[in-house]
There are 2 protein chains.
Amino acid sequence: MGVGSGSGGEFATADRIRDAAIRRFARDGFRAGLRTVAADAGVTAGLVIHHFGSKAGLRRACDERVLEIMRQEKTKALTDGTAAMLLAQMAGVEQYAPMVQYLLRSMQAGGELALKLVEHMITDAEAYLSAGEAAGVVRPSRNRPARTRYLAYQATGSMLLWFTLHGADVPAEEFAALFRRYVEELALPALELFTEGLLVDRSMLDEYLMYVPDPPPAGDPDRTAG
Amino acid sequence: MGVGSGSGGEFATADRIRDAAIRRFARDGFRAGLRTVAADAGVTAGLVIHHFGSKAGLRRACDERVLEIMRQEKTKALTDGTAAMLLAQMAGVEQYAPMVQYLLRSMQAGGELALKLVEHMITDAEAYLSAGEAAGVVRPSRNRPARTRYLAYQATGSMLLWFTLHGADVPAEEFAALFRRYVEELALPALELFTEGLLVDRSMLDEYLMYVPDPPPAGDPDRTAG
DNA sequence: CACCAGATTAAACACTCGTTCAACCGCTCG
DNA sequence: CGAGCGGTTGAACGAGTGTTTAATCTGGTG
């Protein structure tokens, strides 16, 4: 269907536009114009609209594509289970680096994809931490869902902030190196904190546990006030 | 100089514009137009330019104002020393809530103010953690600057992500409540992690320490490769 | 009073943006 | 061959942006 030139590696034009958009949005953020995206793909702005209906439609297509690749790579990847490591690994692959950067842009802008991705990461972390608990390598928590959310937000959020401050608009090759530097920089403190904690005594935690009557399940956003 | 109406609580017009801009940028982000800001302040767009030269100039004035208030409040505040708690406390004060929200917007956009603020927080955390170490309540680290940066990025970044996802454009009264909910949600997991750690055994940390030959000071970005 | 300087405004300018429209091209099918 | 149709283009539109400019208002000063 569509393109007649039957030889091997040719993409359909819509796919080419979408991929160019992912790269451009990753580099410049979502305020990049349609004409810029179109020029990257070697077409005109009108054609982008023709294929995707609107800029929002184009973004939706990009979101779905990134999510699809993300899911597909997750099943293939042999990481230690943390989402940050998966992203670090993907950022090293030249083909996927723009998608990781796009994802960060998405979190920066706060779209639906970002929310979905973070919830996805939380679900994965839940499974991973539960398995760790069962295997006896992860300490149990007084409120496992809350801890899972906390850890996911810490890991993802610090990554987001780091990239927002240290050049979010790097040209995609520096991006991978930047990612590597980020992981290297936090590896030691993270391992220290995870195995040894930060505080020497338990007084702060005990005070909190005494002060707060009943820590709620805190998994869903129903705020049944009391 | 300037406004002649000498009666009590009147602000100079430029200050009124700047404060309106802080509120508007806090609520809508920096893509809010000059005409909107001007309307909020009861003036016209041209006057904003007349007073601040350009939109960038207005943003600079807002940045300086927020930084000034931040510094001033920090010396007054009696918090536990962490920046997150300072922000939580300030967000509760109606007058300062927009500034906290503005600060988050700034981090979202990645300006110079954001970088300055984060570095500021890191410096403060350094002092706070050093004091904790000296007092024997905080465990020493194999690389204290790296740990300080790590903790600051985690705390600030997760806060930023949380607000980006859960309505960064709330109308400033919900904002304070949102902030309170955020602190409540992470208090228990944070205390757990800080006092008890996450991992049961030390194998991961020991493996890392064996693998990495020499953890560099990692305070400044000079990468003397080897 | 005349005069000037600053505050302030309304209008216009130049530009970008997303989107629309009419036309054109190349192909397939009747 | 000719009709039709989707892919594609270039130009235009309308709304937005930051900024400029000329004019008006206002208040203090010689």
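Here the structure is a predicted model, which is why all the values come from computation and not from measurement. Protein chains get the first letters and strands the later ones, always in sequence-line order, with residue 1 at the start of each.
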Between the two ends of the helix from C/dC1-D/dG30 to C/dG30-D/dC1, what is the bend in degrees, rounded to 10 degrees, where each end axis spans five pairs?
30°
Please check this pair: side chain of A/Arg16 against backbone of A/Ala41, looking for a donor-acceptor N/O pair closer than 3.5 Å.
yes
Ignoring hydrogens and geometry, is there a side-chain-to-backbone donor-acceptor pair from B/Gln108 to A/Gln108 under 3.5 Å?
yes
Could you tell me whether B/Tyr102 and B/Phe30 have their ring centroids closer than 6.0 angstrom?
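Aromatic pair counts; centres sit under 6.0 Å.
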Rounded to the nearest 0.5 Å, what separation is found between the CZ atom of B/Arg18 and the CZ atom of B/Arg60?
14.5 Å
Taking DNA chain D as the partner, which of residues 41-63 of chain A come within under 4.0 angstrom of it by heavy atom?
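When residues 41-63 of chain A is checked for heavy atoms under 4.0 Å from DNA chain D, the hits, listed by number, are A/Gly42, A/Val43, A/Thr44, A/Gly46, A/Leu47, A/His50, A/His51.
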Among residues 22-40 of chain B, which residues get a heavy atom nearer than 4.0 Å to DNA chain D?
B/Ala32, B/Gly33, B/Leu34, B/Arg35
Does atom CD of A/Glu119 have more than 12 heavy-atom neighbours, drawn from other residues, nucleotides or ligands, at distances under 6.0 Å?
yes
Check A/Leu34 against A/Ile49 and note the closest heavy-atom contact, atom names and distance.
CD1-CD1, 3.6 Å
Within-4.5 Å side-chain heavy-atom neighbours: A/Leu129 and A/Leu151:
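Result yes, sub-4.5 Å side-chain heavy-atom pair found.
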Do the rings of B/Trp162 and B/His166 sit parallel, tilted or perpendicular, given the 30° and 60° boundaries?
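Because their plane-to-plane angle is under 30°, the rings of B/Trp162 and B/His166 count as parallel.
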Can you check whether A/Thr13 has a side-chain N or O nearer than 4.0 Å to OP1 or OP2 of D/dT8?
yes
